[in-house]
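See structure below.
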Amino acid sequence: MTNDMNIPFESKEELEEIRKTLVKEQRELKRKKFLKNKMSVAGLCIVIIMIIIAIFAPSIATHDPYETNVMESLLPPSAQHWFGTDKIGRDVFSRVIYGARISLFVGVSVGGISAVLGLIIGLYASTNKVLDNILMRCCDGLRSIPNLLLAITLMTVLGAALKNVIISLAIVSTPGVARMARSSALVVREQTYVEAMRCLGAKKSRILWKHIAPNILAPVIVQMTFAFASAIIAEASLSFLGAGVPSGTPSWGSMLSEGKAVIYSAWWMIAFPGAFTALTVLGLNLFGDGLRDLLDPLTN
Amino acid sequence: MEEKKVVLSSEHVSQFFPIKNGFGQVVNYVKAVDGVTLELHEGETYGLVGETGCGKSTLGRTLIRLLEPTEGNVVLNGEDISHLSEKEMRKYRKEVQMVFQDPYTSLNPRQKVGDILMEVLEIHGVKDKDERMEIAMKMLAKVGLRPEHFYRYPHEFSGGQRQRVGLARALILNPKVIICDEPVSALDVSIQAQIINLLQDLQKEDKLSYLFIAHDMSVVKYISDRIGVMYLGHLMEEAETEELFSNTLHPYAQALLSAVPNANPHEEKQRIVLEGDLPSPINPPTGCVFHTRCPYAKAICSEKIPVLKSVNEKHKVACLLYDKDLNPDAE
Amino acid sequence: MSKEEILEVKNLSTTFRTERGDLKAIDGVSFEVYKGEILGVVGESGCGKSVTSQSILRLYDEKYTAKYDGEILLDGKNIFDIPLKKMQEIRGAKISMVFQDALSSLNPVLKIGDQIMEPLRIHQKLGKKEARERTLEMLRLVGIPAPDKRIDQYPHELSGGMRQRVMIAIALACRPQLLIADEPTTALDVTIQAQIMDLIVDLNKKLDMGVILITHDLAVVAETCSRVVVMYLGQIVEEADVNDIFDNPKHPYTLGLIKSIPRLDGDPNERLYMIKGTVPLLNQIPNGCRFAPRCPYATDKCRTNMPELKAVSPTQKVRCWMVEE
Amino acid sequence: MKKYIVNRILSVIPVLIIVSIVVFSLLHLTPGDPAIAILGEDATQEAIDELRERMGLNDPIPVQYLNWLNDIFHGDFGTSTASSGEAVTSMIASHFIPTLQLAIYSTIVTVLLAVPLGMLAARKRGTVVDHGVTVLALCGISLPSFLFGLGMMMLFAVKLRWVPVSGYKAMSAGLGAHFRTMIIPAVSLGFMHSAFMMRMTRASMLEVLNSDYIKMAKSKGVKELWLVAKHALRNSLVTLVTVIGQGFIGALSGATIVESMFGIPGMGSLVVNSIGRRDFQVIQAVVLLIAVINVVMNLVIDILYGIVDPRIRLS
C-alpha cells in the first residue's frame with residue numbers, strides 16, 4: 001500500500017470499541033472543561049435551584065399564594081411568614097415561590113421561541129440577497145422600537161394574559177436573535193467547507209441544515225440564554241408597570257410594584273422578589289458566558 | 001508524441017464579477033479571468049502559477065463549476081458542463097473534485113472525519129451504512145490515516161493530517177481529475193514534502209490528472225509536467241516544465257522566474273525587477289495587460305491584444321514580440 | 001577579520017504562563033550578531049524563532065504572561081538588567097523591528113508620515129518640520145515613489161509592497177545598530193518579495209547595521225544571509241555560514257529540511273525526503289535530544305541525555321551526539 | 001465616503017416605512033371603536049356614524065394610513081381620545097424635555113462609569129481588577145433598572161432622606177432642586193447601560209491592545225502612556241463612538257420604567273399612564289417618535305463612525 005502507517009483494516013467489534021472510548025473521552029473532556037469555569041458552574045446551580053423551586057412550588061410554599069387575610073396585613077418576616085405578608089395579608093414567601101413558575105415559564109418559552117424563529121429567519125436571510133433585505137429591514141424596524149415600549153403596546157393590544165406576555169416578548173426578542181444568526185450564517189457561508197460541499201454535489205438544503213445550521217447553533221444557544229434572562233427582566237418590568245400578567249397572579253414584577261407603593265413601611269415586599277429576580281438572571285448570564293466557551297470548538 | 005486524451009479543458013473562459021452601485025445597477029466588472037484557453041491531459045499535472053490577483057483560483061473554481069463562466073465553455077471528458085444546473089451537474093461531480101488551501105476551514109468543525117467521508121457517499125447514492133463505512137475506512141488508510149481517526153473531530157488533527165482528510169474526501173468518489181488550489185502553501189516544509197509525495201503516489205496509482213494551482217514556483221516546477229503562467233486574468237505562457245525554465249519567452253514569466261529565490265547560496269542570480277504596481281482588474285490596461293510594466297513594451301503592445309500561439313509543439317506564448325501575423329516586425 | 005559584535009544572546013529562555021501551566025517556548029538560545037552581517041534564523045512554525053526575536057526587545061508583558069532567563073548583551077550591558085521604563089530608549093533607537101503583515105502592523109487611523117515621524121521625535125527630539133523632512137528622506141531611501149503625496153496617506157491606501165517599505169522606513173528612521181525582520185516577506189508575492197529583500201540587503205550595506213532575518217523559507221536564506229541559525233522546538237540545533245548549511249549540514253534535522261524542499265535546480269524524478277513524525281507540542285517535549293523521536297540516526301544515548309551546542313569548526317556549531325565520534 | 005453615506009440613508013428609508021406600518025397596524029388591531037370611546041357608551045348611532053365619517057374611519061385601510069402619515073408630516077399626531085381631545089403633539093412636546101435630560105444625564109453616568117472601568121479591566125487583564133469589573137458588569141446586566149432604582153430609592157430617599165422619593169423639578173425650579181430629583185433616576189438608568197458598555201469597551205480595548213500595531217508601536221520605543229492615549233484610544237475611539245451612541249439611544253428609549261417609577265413626566269411615563277386610559281393615539285405617537293429618533297440617531301452614529309475611521313472616509 002502507499003504508506004507505512006497503514007494498519008490492516010480492523011474488525012467491526014474493535015472499531016466499535018474504539019468509538020466508545022473516544023466518545024467517552026470527548027464527553028469527559030467537555031465536562032472537565034465546563035467544571036473548570038467556576039462562575040458558570042455557580043450560574044448553572046442557581047438556575048437548577050430555581051427550576052426545582054418552580055416545579056415543586058406547591059410542596060415548598062407554606063401558604064396558598066392567593067389566600068388573603070386582612071388581619072395579617074404587612075407583617076414583617078417571622079417564623080410563621082418567612083418573607084412577611086403583603087398589603088392584603090398574602091404570604092410573600094409562597095407568592096415568591098409561585099412567582100418562580102411564572103418567570104421561568106415566560107423565560108423558557110420566550111427564549112425557546114425567539115431562538116427557533118431567529119435561527120430560521122437568520123438562516124433563510126443568509127440564503128439570498130432579496131430575502132435578506134426584506135427580513136433584515138423588518139428586524140431593524142422592530143428593533144428600532146424600544147423593547148419595553150413595543151412590549152407595552154403589544155400588551156395593551158392583546159390584553160393582560162400570560163400567553164400574551166410570552167407572544168409580546170417573543171416578538172421583541174426574535175429580531176435580535178435573527179440578526180445575530182444571520183451574521184453568523186454569512187460568516188459560515190464563506191468558510192471553505194461549505195464550498196467543498198457544493199463541489200461534492202450537496203443540495204442547497206442539505207448544506208443549509210447539515211453544515212451551516214449546526215455551526216451557528218452555538219452562538220444561537222448562547223443568545224438564547226441571554227434572551228431567557230432578558231425575558232425575565234422584561235416580564236418583571238411589564239408586571240411592574242401593570243401591563244404584564246393579570247393582577248393578583250404571583251409574579252415577581254407585580255409584587256415589586258405592590259412593594260413600591262408601601263416602600264416606607266414594608267422593605268421585605270421589595271427585598272425578596274427583587275433578590276430572586278436578580279439571582280435568577282445573574283445565574284443565567286453566568287451560565288451563558290460559560291456556555292459560549294464550551295460550545296466553541298476552537299477553544300478545545 | 002501521440003495525441004493525449006483531454007480530460008478537462010477551458011475554451012476562452014472568462015469570469016467577470018459585476019460591481020453594483022447603491023441602487024443595484026451594474027456599474028463595472030472585475031475581470032478576474034479573461035478569455036483563458038487551457039487543456040488538461042489524462043494522467044498529467046498541469047501547474048498554474050501567477051501572483052495574487054492573477055485569477056488562477058477563480059479559473060480553478062470556474063472549471064469545477066463552483067462558478068458559472070461569464071463567457072466561453074468548460075468541457076469535462078468531452079461534455080460541455082458550462083451552464084448545467086446544480087442537479088444536472090451532480091453526476092459530473094464524480095469525475096472532477098477539488099482540494100483546498102486552508103486546512104483549518106476546509107473541514108466542518110462539527111462533523112467527525114468518518115461522517116465527513118460517509119456523507120459524500122450518501123449524497124451519491126451509496127445506501128448501505130456498512131458499505132459506506134468500509135469505503136471510508138479504506139480511503140482513510142489510503143491517505144495514511146489510522147482507523148481511530150475515523151471518530152475524531154477536525155480540531156484534533158494537525159494541518160498536514162487535515163489536508164489528508166481533504167484529499168480523502170475528494171478521492172472517495174474516484175474522480176479522474178483533481179483541481180488542487182494551493183494544497184501545500186499553508187503547510188510547513190517537512191509536512192509539505194509528505195503531502196506532495198502522497199499526491200504523486202495517488203496519481204501513479206489511480207492515473208489521476210491534477211490542475212495544480214500555486215504561487216510557490218519551486219513546488220510547481222517539481223510536481224508539474226506542464227506549467228501555465230497567468231497575469232491579471234490572462235494566460236501569458238504555457239510550456240512543458242523543462243522548456244519553460246530553460247527557454248522562458250514572455251517578459252512577465254522571465255521576471256517572475258528570475259524573482260524566485262533558489263535554495264543554493266552559490267548561484268549568483270541576475271534579477272529582473274518589475275517596476276510599478278499590479279494594475280487593478282476593474283479597468284486593466286488596453287492591449288496587452290502587461291504593457292504598462294513590460295521592459296520591452298512597444299507602441300503596438302498597448303493597441304493589440306496578444307493571442308496564445310504555439311512557438312513549438314511544447315511551448316505557447318501570448319506576446320506580440322513573437323506573433324508574426326499581429327506584429328510585422330516580430331522575431 | 002575582527003567583526004564588531006553588536007549583540008550577544010547568552011542562554012536565553014522565555015517561559016509563558018498559561019492555564020495549562022508554564023510553557024518554555026525557547027530554552028537556552030545563544031548566538032551573536034555582528035555589524036554589517038545578515039544572520040538568518042530558520043525553523044518551522046512553533047520552533048521559537050519569533051519568540052526569540054521579540055524577547056530581545058522584551059515585547060512580551062513581563063508582569064503576567066512572560067518570564068525571561070539568561071542574558072542579552074548590548075554594548076556590554078545586559079538588557080534584562082535595564083528597568084522596563086528605560087527599555088524605551090533602546091527600542092526603535094538601538095534595535096528596531098519589522099513584522100510580517102504590514103497592514104495589521106501599521107496603525108490604520110494614523111497617517112504613515114506621522115508613524116514614521118514618531119521614533120524621530122521620541123528618540124531624537126526633532127521638531128515637527130525637521131521630522132517631516134527626515135521622513136520624506138526615509139521614504140525616498142526605501143524607494144517609495146512620490147513621497148510628498150504618500151506621506152499624508154493612510155496604510156490602507158498603499159499596496160502590500162509599499163506598506164512593507166513604510167514599515168522598514170519606520171524601523172530605520174533612527175539608524176539603529178540592529179534590525180530584526182520577523183518574516184518580512186512571507187505575506188508578499190515573489191516579485192515584491194525580491195524587491196523587499198534587495199532593499200534590506202542594500203540598506204544593510206549602506207547603513208552598516210546588523211540584521212536578524214527570521215523566516216521559514218530556506219531559499220530566501222540562501223540568497224540573502226551570510227550566517228544561518230537553525231532552530232527546532234525552542235532550541236538552536238545548528239549554526240554555520242550559509243554555504244556550510246547547504247553544502248554539508250551536520251545536524252540530521254538541517255539535513256532533513258534541506259532534502260525535503262523542492263529546489264529549482266533539483267531533479268523532479270527524485271522523491272522528496274520526508275522527516276517522519278510531527279513536531280511535538282511544547283508540553284510534550286521528549287527527554288534527551290528533542291529531535292531523537294524523528295531522527296533516523298537516533299541511539300539510546302540520544303534518547304536519554306541532551307547534547308550541547310558544540311563548535312565543530314571555527315564557523316560551525318551543532319547540537320548532536322553523532323558529531324562527537 | 002459619499003457612497004457610504006448615500007447607501008446608509010437609502011437603507012434607513014425602508015426601516016422607517018416598516019416602523020410606521022407596524023405602529024399604524026397596532027392602532028388598528030386594538031379592540032373597540034375609537035368613535036365610541038370618544039362619545040361614550042350611550043351616544044346615538046347617528047352621532048357615532050357621523051364622527052366615524054369625519055375621522056375617516058370608514059375609508060379603506062391604506063387611505064387611512066396615508067392620511068395618518070400625511071398628518072404626521074405636518075406635525076399633527078392626531079387628537080387624544082381619552083383626555084378630551086387634547087392635541088397629542090402638544091402633550092408629547094411637554095413630555096419630551098424631561099426624557100431628553102434624563103437620557104443625557106444617564107449617558108454621562110454610563111460613560112463615566114463604563115469607559116474608564118472597561119479600559120482599566122483591559123489594561124489589567126487577568127488580575128483581580130479585571131475579575132472585579134467583569135462581576136460588576138454581570139451584576140449590572142442581571143439587575144433590572146427598576147430593581148436597582150428601587151434599591152437606590154430605599155437607600156437614599158427612604159433611609160438617608162437626601163432626595164425625595166419621586167417627583168420632578170424642572171431646571172427653572174432651581175438647579176439644586178432639579179438635580180436632587182434627577183440624580184437617582186439617572187444613576188439607576190445609567191448603571192444598567194454601563195454594564196453593557198463596560199463589557200464592550202473592555203472587549204474592544206483588549207482587541208486593540210493585543211493588535212500588531214500596538215506591538216509595532218512598542219517596538220518603536222513609544223512610552224506606555226502614549227501607547228494607550230495615542231495609539232490604543234484613537235482606534236478604540238472608532239468603536240466607542242458607536243457604543244456611546246447606542247448607550248444614548250438606549251437611555252432615550254429605555255427610560256420608560258425609570259420615569260414612571262420616579263414620577264418624571266417624560267415620554268416613558270406618558271406611555272405608561274396612557275395604558276390605563278387606553279389612550280392609543282398617544283401610545284402610538286410616542287412609540288413612533290422614539291422609533292424615528294432611534295433610527296435617525298443610528299444613522300448619525302454610522303456617519304460619525306465613517307468620519308472617524310479613515311478606512312471608510314477615504315474609500
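A, B, ... follow the sequence lines: proteins, then strands. Residue 1 opens every chain.
Within residues 226-235 of chain C, no residue has a heavy atom under 4.5 Å from a heavy atom of chain B.
Side-chain atoms of C:I261 and B:Q192, non-hydrogen and from C-beta on, never get closer than 4.5 Å to each other.
With respect to C:E223 and B:R271, a salt bridge is recorded, a charged nitrogen being found less than 4.0 Å from a carboxylate O. Here B:D201 pairs with C:R271 in a salt bridge; the nearest charged N to carboxylate O distance falls below 4.0 Å.
Proximity to chain B (any heavy atom under 4.5 Å) is shown, for C:D265, by both the backbone and the side chain. Interface remark: B:I196 contributes side-chain atoms only to the contact with chain C (heavy atom separation under 4.5 Å). Contacts of C:E270 with chain B are made by backbone atoms alone, with heavy-atom separations under 4.5 Å and no side-chain atom involved.
Residues forming a side-chain contact (heavy atoms from CB on, under 4.5 Å) with B:A253 (at least two apart in sequence, or on another chain): B:V229, B:E237, B:T248, B:H250. Remark: C:K259 pairs with C:L255, C:Y273 by the side-chain contact (heavy atoms from CB on, under 4.5 Å) rule, at least two apart or across chains. Remark: B:Y104 engages B:D102, B:R162 in a side-chain contact (heavy atoms from CB on, under 4.5 Å) (not counting sequence neighbours).
C:Q195 contributes a side-chain N or O that, together with a main-chain N or O of B:L274, makes up a donor-acceptor pair within less than 3.5 Å. B:Y222 contributes a side-chain N or O that, together with a main-chain N or O of C:L272, makes up a donor-acceptor pair within less than 3.5 Å. The backbone N or O of B:E51 sits nowhere less than 3.5 Å from a side-chain atom of C:D189 that would complete a donor-acceptor pair.
Inspection of the B:S190 and C:E44 side chains reveals an N or O donor paired with an N or O acceptor under 3.5 Å.
Atom NZ of B:K207 has 12 or fewer neighbouring heavy atoms from other residues, nucleotides or ligands inside a 6.0 Å radius.
Residue with the most contacts toward chain C among B:V273, B:V260, B:I223: B:V260 (heavy-atom pairs, distance under 4.5 Å). Of the residues considered (B:A259, B:G160, B:G53, B:P261), B:P261 shows the highest number of contacts with chain C, using heavy-atom pairs under 4.5 Å. Note: B:A193 leads B:S224, B:A193, B:S158, B:A255 in heavy-atom pairs under 4.5 Å with chain C. Contacts with chain C were tallied for B:L257, B:T52, B:T241; B:T52 has the most, counting heavy-atom pairs under 4.5 Å. Comparing C:D247, C:I258, C:I192 by how many heavy-atom pairs each has under 4.5 Å with chain B, the most go to C:D247.
Between C:A222 and B:N262, the shortest heavy-atom contact is CB-O, 3.6 Å.
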